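Quick notes on the structure that follows.
None of the values given here were measured: they were computed from a predicted structure. Nothing fancy with the numbering, it's 1 onward along the sequence. Counting starts at 1 for both ligands and their atoms, following the listed order.
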Amino acid sequence: MLASVCPAAGETWELREVRTPVPGPGEVLIRVHASGLCSNDVSLTNGTFPYPPIDPTIVGHEPAGEVVEVGAGVAARKVGDRVGATWIQGGCGSCDHCRLNLPVTGITGMNCDSPAMTGLTRTGGHAEYLVVPASSTVLLPEALPYEMAAPLLCAGYTSWSALRAADPRPHERVAVVGIGGLGHLAVQFSKACGFETVAVTRTPDKHELARELGADHVVSSGEALARIGGADVVVVTATSYEAATECLAGLRINGRMVLATIDPSGSFTIDASRQFFARGQSILGATHNGLPYLVEALDLAAHGAVTPQVEVFPKEKIAEAVDRVTAGKVRFRAVVTY
Ligand SMILES: NC(=O)c1ccc[n+]([C@@H]2O[C@H](COP(=O)([O-])OP(=O)(O)OC[C@H]3O[C@@H](n4cnc5c(N)ncnc54)[C@H](OP(=O)(O)O)[C@@H]3O)[C@@H](O)[C@H]2O)c1
Ligand SMILES: [Zn+2]
Ligand SMILES: [Zn+2]
């Protein structure tokens, strides 16, 4: 099969012929049709994050496609099913974290001693074919094309989980910080739920686009958010903890800030002058919060309540797609077709 392979940390991804995987017991073989390019895929291969221990290095955790073969014992999926696969396949089952027997979520992926994760510890989805446990797939709504489903499998899953983690109430105002892959969906999710929504973006040319996504207000910093009255929920999907820290200025009394950000070098700080203890505020971490949340996000997209904005690249243009993600030029998710 053809796959997008990163030869080594910092090198350019290239399309290569590699061995087509074979599904084992409990697994399915997916013919990938569309594969979203998460910023984490780029961070894993350009040296920002630790290089993934997979050979050949095929990352990707937003693959959408069709089941073409099922392994022994698979009853819940059949050939022809339209599916999406996700980042977390499962935990090891026996480490201290797994002994808690919590539901399988992003928390499992980041806390298990030896997790199975698509495009991180197992071969990922930027390829013509992918093998994953059937249990880590979801059935895609018929109304949702593969190119639209792919961004929901991480960007949408994460941003919907983050919004839900804040438990916004009907009268509250929601701000989304960082209008990229996750953020452009978070704005739409918030509007779809009826919340007055603020987009916080450092990028001038995104102001108009953010309004088209449904933002009622667009500002360029936490200080500017404070000037328009702040927000009860601040969902941070920007890549920087410094940006999150600055946005504390716009968090209302009893507000919740949800950090979806993964920033390997920055720090989130609460300054003494903020008197955090007397504001009733909460800071929450958020990641993929279980497949029922992903199904909700897919359902909202299938009904047209949210529409991923994608730039579609054929697999032959994988290097160009990675370059545009690296440069922050994509509006708003790059999706590669295989
Ligand atoms: N928690 C999870 O499970 C999970 C899952 C996936 C991704 N993530 C994390 O979520 C974040 C967003 O991912 P993504 O795929 O949406 O990335 P993305 O498409 O690159 O969007 C990130 C946005 O962050 C803003 N940004 C970029 N550089 C910045 C800087 N130096 N300071 C402040 N803001 C900056 C930009 O928004 P503006 O131009 O609007 O300012 C950019 O569009 C990343 O940190 C990623 O690691 C977490
Ligand atoms: Zn991702
Ligand atoms: Zn474990």
Would you call the rings of His33 and Tyr146 parallel, tilted or perpendicular, taking 30° and 60° as the class edges? parallel
Sub-3.5 Å N/O-N/O distance, Gly178 and ligand 1: no
Can you see whether Thr57 engages Tyr51 through a side-chain donor-acceptor pair at a distance of less than 3.5 angstrom? yes
Checking a contact table here: which protein heavy atom is nearest atom 42 (C) of ligand 1, and how many Å away? Lys206 NZ, 4.0 Å
Starting from atom 5 (C) of ligand 1, what is the nearest protein heavy atom, named by residue and atom, and what distance separates them? Thr158 OG1, 3.3 Å
Can you find an N or O of Ile179 that's nearer than 3.5 Å to an N or O of ligand 1? yes
In this structure, atom 12 (C) of ligand 1 is nearest to the protein heavy atom Thr237 O, 3.0 Å
Note the single closest protein heavy atom to atom 21 (O) of ligand 1, along with its residue, its atom name and the distance in Å. Gly180 CA, 3.4 Å
On a heavy-atom basis, which atom in Ala149 and which in Ala64 lie closest, and how many Å separate them? CB-CB, 4.3 Å
Heavy-atom contact check, 4.0 Å cutoff: does Ala155 meet ligand 1? no
With backbone taken as N, CA, C and O and side chain as the heavy atoms from C-beta onward, which portion of Ala199 lies under 4.0 Å from ligand 1: side chain, backbone, both, or neither? neither
What heavy-atom pair brings Arg122 and Pro115 nearest, and what distance separates the two atoms? NH1-O, 4.4 Å
Under 4.0 Å from a heavy atom of Cys154: give me the atoms of ligand 1 that qualify, with their elements. 5 (C), 6 (C)
Please indicate whether any nitrogen or oxygen in Leu182 is less than 3.5 Å from any nitrogen or oxygen in ligand 1. yes
With rounding to 10 degrees, what does the angle Cys95:SG / the Zn ion (ligand 3) / Cys92:SG come to? 110°
Taking the non-hydrogen atoms of Gly183, is any one of them nearer than 4.0 angstrom to ligand 1? no
May I ask you to identify the nearest protein heavy atom to atom 7 (C) of ligand 1, giving residue, atom name and distance to one decimal place in Å? Asn40 ND2, 3.4 Å
Group every Ile, Leu, Val, Met, Phe, Trp and Tyr by side-chain heavy-atom contacts under 4.5 Å, then state whether Leu152 and Leu139 land in the same group. no
Asp216 bridged to Lys191 by N-O distance under 4.0 Å: yes
Please report which non-hydrogen protein atom sits nearest to atom 3 (O) of ligand 1, along with the residue it belongs to and the distance in Å to one decimal place. Thr287 OG1, 2.7 Å
Taking atom 31 (N) of ligand 1 as the point of reference, which of Met110, Glu242, His61, Arg202 owns the nearest heavy atom? Arg202
Quick check: does any side chain N or O of Ser190 sit under 3.5 Å from a backbone N or O of Val187, one acting as donor and the other as acceptor? no
Check for me whether Ala260 has a heavy atom closer than 4.0 Å to any atom of ligand 1. yes
Please calculate the NE2(His61)-the Zn ion (ligand 2)-SG(Cys38) angle and round it to 10 degrees. 110°
Who's the nearest protein heavy-atom neighbour of atom 14 (P) of ligand 1, and how far? Ser39 OG, 3.4 Å
Taking NZ, NE, NH1 and NH2 as the nitrogens, is one of them in Asp271 or Arg274 under 4.0 Å from a carboxylate oxygen of the other? no
Counting both backbone and side chain atoms, is some N or O of Arg333 under 3.5 Å from an N or O of ligand 1? yes
Looking at Arg252 and Glu172, is any side-chain nitrogen of the basic one under 4.0 Å from a carboxylate oxygen of the acidic one? no
Based purely on interatomic distance, does Ala286 place a nitrogen or oxygen under 3.5 Å from a nitrogen or oxygen of ligand 1? yes
Mark up the atoms of ligand 1 that fall under 4.0 Å of a heavy atom belonging to Ala243, in ascending order. 33 (C)
So, Trp160 versus Tyr293, ring centres under 6.0 angstrom or not? no
Students should be able to answer this: which protein heavy-atom is nearest to atom 24 (O) of ligand 1, and at what distance? Ala238 CA, 3.2 Å
Could you check whether Arg331 pairs with Glu311 (Lys NZ or Arg NE/NH1/NH2 to Asp/Glu carboxylate O, under 4.0 Å)? no
If every non-hydrogen atom of Tyr338 is compared with every non-hydrogen atom of Gly125, which pair is closest and at what distance? CE1-O, 4.5 Å
According to the interplanar angle, ranging from 0 to 90°, do the rings of Phe332 and His184 count as parallel (below 30°), tilted (30 to 60°) or perpendicular (above 60°)? parallel
Tell me whether Arg164 is salt-bridged to Glu296, with the criterion being a basic N under 4.0 Å from an acidic carboxylate O. yes
Note: heavy atom closest to atom 27 (C) of ligand 1, options Thr201, Thr239, Asp263, belongs to Thr239
